A.B. asks: 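My questions all concern the structure below.
Residue numbering restarts at 1 for every chain, and letters A, B, ... go by the order of the sequence lines. On a predicted model such as this, the values are computed, not experimentally measured, just so you know.
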Protein chains: 2
Amino acid sequence: MTNSKKYHHGDLTKSLLDSASSLIKEHGVESLSMRKLADVVGVSRTAPYHHFKDKNALLCALAEKGFYEQEELLCQLLKKTLPTTDLFKQYVHLYLEYAQQHSETYDLMYGRVIWKAGTPTDSLVAASRQTFKTWIDWVETLQQANILPADNSPLRIGQTTWASLHGLARFYLDGIYLDKEDLSGMVDQMIKNLCRSTH
Amino acid sequence: MTNSKKYHHGDLTKSLLDSASSLIKEHGVESLSMRKLADVVGVSRTAPYHHFKDKNALLCALAEKGFYEQEELLCQLLKKTLPTTDLFKQYVHLYLEYAQQHSETYDLMYGRVIWKAGTPTDSLVAASRQTFKTWIDWVETLQQANILPADNSPLRIGQTTWASLHGLARFYLDGIYLDKEDLSGMVDQMIKNLCRSTH
DNA sequence: AAACTTATCTTGACGGTGTCAACATTGCGA
DNA sequence: TCGCAATGTTGACACCGTCAAGATAAGTTT
């Protein structure tokens, strides 16, 4: 029975996530519907509900995947042996590059759809917390290296610094007050704003 | 014919905007539907379509109103005779206060729903541009007063600075990485990050 | 191998959405 | 007063998320 039409799909969970990923990448989150997704994967309307409690759960899974991707990316960077200042600069560039190349996932990870309109899954909350903790720990190092300001706790500085990056990403992604070509110059200026050493 | 049921409503446009405003304030933008809105106002499903081309247009109108509100608020502040540094600090506090107290409108003004998923009205674009221009002009003054960094054009500094405020607002509003009580301390730290004078 | 259980997938149905088309009513200018 | 444009109405359509009930396959126990 190697025929194309099998009753059981094989690994629907993975297929759903993969297709959903590429669907939102191409057409945006708001145009993703469970029914279309099921159709693309080649399965009936309600089949996905055996793998995800509801649409919110599926979106959370996508966001969670995003957190692990992003963390992996940044952890890889931190392994490099470079002057800490350069490391930080590359970190910032990488952060915005990720937001740019995975804009829809980024929106899901930090956006309103899940965190305000929806209800974040426990495991999503865990993933986001871990990402945040990794960041805060590194902020402490950056403070000690006199790169980030040391006039407040790592938590506070971590929050404000990340908020700055996040705001930049959002303006860029939403296309308000920020032309696409401006990004590079923008990022450089933001780095200057954030770094004590360049003052 | 002063009876409650009149065929013509009076000023439906205004009523729609008012009701929509308070509906989103209470239940969030995503739960606002044209049908429910019409029902609240006491009019049939499709009546609003004689006043707004579609839902997007109505949301744009709400956002536009927000821009004028916000600009009014800030212009009032600038009239005060205070040391420029204090003025800037109050500006930042006021910005986040506005975002906090009109969170749903703020989301509409700067968020994805209109700027990415939807299509901003011409007049909305105009309003946002004006707000931005006012800001950039003031940034120039702030640079001359040595409050904001002068190592780049007013445009660039204006973009990055605003992005920082915006990111803070979003983290706060979406409730990620930021407890409600943290806001005040957060804003103070952000001001320290942004201001040259406090370095 | 047969029987039973569980995971997976199916169709049908319900109430909700935005919005188009066709028609009714009203107020205002000629 | 007539007629037209503005404003309101109901009906219809194609979507949406998701629940309920039943079909089918795979896996487990005897």
A.B. asks: Closest-nucleotide mapping onto DNA chain C: is B/Thr46 or A/Arg45 further toward the 5' terminus? I mean the 5' end.
C.D. replies: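 On the 5' side of the pair lies A/Arg45.
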
A.B. asks: Only distances under 3.5 Å count here; give the side-chain donor-acceptor pairs of residues 39-51 of chain A to other protein atoms, sequence neighbours excluded, each with its distance to 0.1 Å.
C.D. replies:
from    : atom 1 : to      : atom 2 : distance (Å)
A/His51 : ND1    : A/Thr13 : OG1    : 2.8

A.B. asks: For B/His51 and D/dA6, is the shortest distance between a side-chain N/O and OP1 or OP2 below 4.0 Å?
C.D. replies: no

A.B. asks: Under the side chain to side chain contact (heavy atoms under 4.5 Å, CB included) criterion, do A/Leu87 and A/Leu142 qualify, and how do the steps go?
C.D. replies: CA-CA 10 Å; A/Leu87 223 52; A/Leu142 290 169; over 6 Å; no

A.B. asks: Would you indicate which nucleotide in D/dG17, C/dT10, D/dT9 comes nearest to any side-chain atom of A/Lys55?
C.D. replies: D/dG17

A.B. asks: Does B/Tyr91 have any ring pair (Phe, Tyr, Trp, His ring centres under 6.0 Å) partners at least two apart in sequence or in another chain, and if so, which?
C.D. replies: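 For B/Tyr91 the ring pair (Phe, Tyr, Trp, His ring centres under 6.0 Å) partners, ignoring immediate neighbours, are B/Trp135, B/Trp138.
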
A.B. asks: Rounded to the nearest angstrom, tell me the gap between atom CG in B/Leu58 and atom P in C/dT17.
C.D. replies: 15 Å

A.B. asks: Could you identify which residues of residues 12-36 of chain B place a heavy atom less than 4.0 Å from some atom of DNA chain D, listed by residue number, or say none?
C.D. replies: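 Output list: B/Leu12, B/Arg35.
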
A.B. asks: Expressed as a whole number of angstroms, how long is the span from B/His50:NE2 to C/dT19:P?
C.D. replies: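 So the NE2-P distance, B/His50 to C/dT19, works out to 14 Å.
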
A.B. asks: Please say yes or no: joined through hydrophobic side-chain contacts below 4.5 Å, possibly via intermediate residues, are B/Ile24 and B/Tyr68 part of one cluster?
C.D. replies: no

A.B. asks: Check the distance between C/dT17's P and B/Leu37's CG and give it to me in whole angstrom.
C.D. replies: 11 Å

A.B. asks: Quick one: list whatever passes side chain to side chain contact (heavy atoms under 4.5 Å, CB included) with A/Thr119, sequence neighbours left out.
C.D. replies: A/Asn56

A.B. asks: Quick one: side chain to side chain donor-acceptor pair (under 3.5 Å) pairs with a partner in residues 19-37 of chain B, sequence neighbours left out?
C.D. replies: A/Arg112-B/Glu30, B/Ser21-B/Lys65

A.B. asks: Looking at residues at least two apart in the chain, or sitting in another chain, which of them share a ring pair (Phe, Tyr, Trp, His ring centres under 6.0 Å) with B/Tyr110?
C.D. replies: B/Phe67, B/Tyr106, B/Trp162, B/His166

A.B. asks: Which atom pairs, one a donor and one an acceptor, fall under 3.5 Å between side chains of residues 72-81 of chain B and the rest of the protein, sequence neighbours left out?
C.D. replies:
from    : atom 1 : to      : atom 2 : distance (Å)
B/Glu72 : OE2    : B/Gln76 : NE2    : 3.1

A.B. asks: Only counting residues at least two apart or in another chain, list the ones meeting side-chain hydrogen bond (donor to acceptor under 3.5 Å, both in side chains) with B/Thr161.
C.D. replies: none

A.B. asks: Holding to salt bridge (charged side-chain N to carboxylate O under 4.0 Å, His left out), I want the full list of residues that pass it with B/Asp11, two or more places apart in sequence or in another chain.
C.D. replies: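 Partners of B/Asp11 under the salt bridge (charged side-chain N to carboxylate O under 4.0 Å, His left out) test: none.
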
A.B. asks: Sequence neighbours excluded, which residues qualify as side chain to side chain contact (heavy atoms under 4.5 Å, CB included) partners of B/Ala145?
C.D. replies: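 Counting only residues at least two positions away or on another chain, B/Ala145 forms a side chain to side chain contact (heavy atoms under 4.5 Å, CB included) with B/Thr84, B/Ile147.
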
A.B. asks: Tell me which of B/Ser44 and A/Asn56 sits closer to the 5' end of DNA chain D, going by the nucleotide each one is nearest to.
C.D. replies: B/Ser44

A.B. asks: Atom CG of A/Asp39 and atom C1' of C/dT10: how far apart are they, to the nearest Å?
C.D. replies: 14 Å

A.B. asks: Given axes from five pairs at either end, by how many degrees does the helix from C/dA1-D/dT30 to C/dA30-D/dT1 bend, rounded to 10°?
C.D. replies: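 One end's axis against the other's: 0°.
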
A.B. asks: Between C/dT11 atom C1' and A/Tyr49 atom OH, what is the distance in whole Å?
C.D. replies: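 Checked: the OH to C1' distance equals 15 Å.
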
A.B. asks: Expected output is a numbered-order residue list: members of residues 106-120 of chain B with a heavy atom under 4.0 Å from any atom of DNA chain D. What is it?
C.D. replies: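 Those residues whose heavy atoms fall under 4.0 Å from DNA chain D, taken from residues 106-120 of chain B, amount to none.
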
